[in-house]
Amino acid sequence: MAEWVQWIIQVVAYGVICFLLKRELGQMDQQHKDLLEQIKAVEREAKADTQKVEEKLDRFITELPFKYTLKDDFVRTVARMENKLDKILDRLNPGDHP
């Protein structure tokens, strides 16, 4: 009879352990699904933000030549203007050559 009692206790303990493990695994699966959904949401937001930044960068690159002058272009333009001014001065003062 003691063997039957011991056997019943083992079966009940096994059943309780299986129940608890199954419940814990179910909760872990749900947490996993929730985390995956959160990750997907963050990825969607990041993709949208990245696309906005790309659009702003493309717009900036398109507008850049119209808003800013490169140093080389500036130096070249100033040199041309100085050359033109020198020609005007030469015409105004033909005898004065340094």
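This chain uses plain numbering: 1 for the first residue, then up along the sequence.
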Using 0.5 Å steps for rounding, measure from the [atom1] atom of [X] to the [atom2] atom of [Y].
X	Y	atom1	atom2	result
Glu43	Thr50	CD	OG1	11.0 Å
Asn83	Ile88	CG	CD1	10.5 Å
Leu89	Lys87	CG	NZ	13.0 Å
Leu21	Met28	CG	CE	10.5 Å

Is there a path of hydrophobic side-chain contacts, each under 4.5 Å between heavy atoms of I/L/V/M/F/W/Y residues, joining [Y] to [X]?
X	Y	result
Leu85	Leu92	no
Val11	Ile8	yes
Val16	Trp7	yes
Ile17	Leu20	no

When you look at CD of Glu63, are more than 12 heavy atoms from neighbouring residues, nucleotides or ligands closer to it than 6.0 Å?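 Buried by this count: over 12 neighbours within 6.0 Å.
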Quiz question: by atom type and distance under 3.5 Å, do the side chains of Gln38 and Asp34 form a donor-acceptor pair?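 There is no such pair between these side chains.
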Which side-chain N or O atoms in residues 55-62 pair as donor and acceptor under 3.5 Å with protein atoms at least two apart or in another chain?
{"from": "Thr62", "atom 1": "OG1", "to": "Asp58", "atom 2": "O", "distance (Å)": "2.8"}

Please list all pairs meeting side-chain hydrogen bond (donor to acceptor under 3.5 Å, both in side chains) that have one or both residues in residues 13-29, counting only residues at least two apart or in different chains.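 Residue pairs with at least one partner in residues 13-29: there are none.
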All N/O donor-acceptor pairs, side-chain side in residues 70-81, below 3.5 Å, sequence neighbours left out:
{"from": "Asp73", "atom 1": "OD1", "to": "Arg76", "atom 2": "NH1", "distance (Å)": "2.9"}
{"from": "Thr77", "atom 1": "OG1", "to": "Asp73", "atom 2": "O", "distance (Å)": "2.8"}

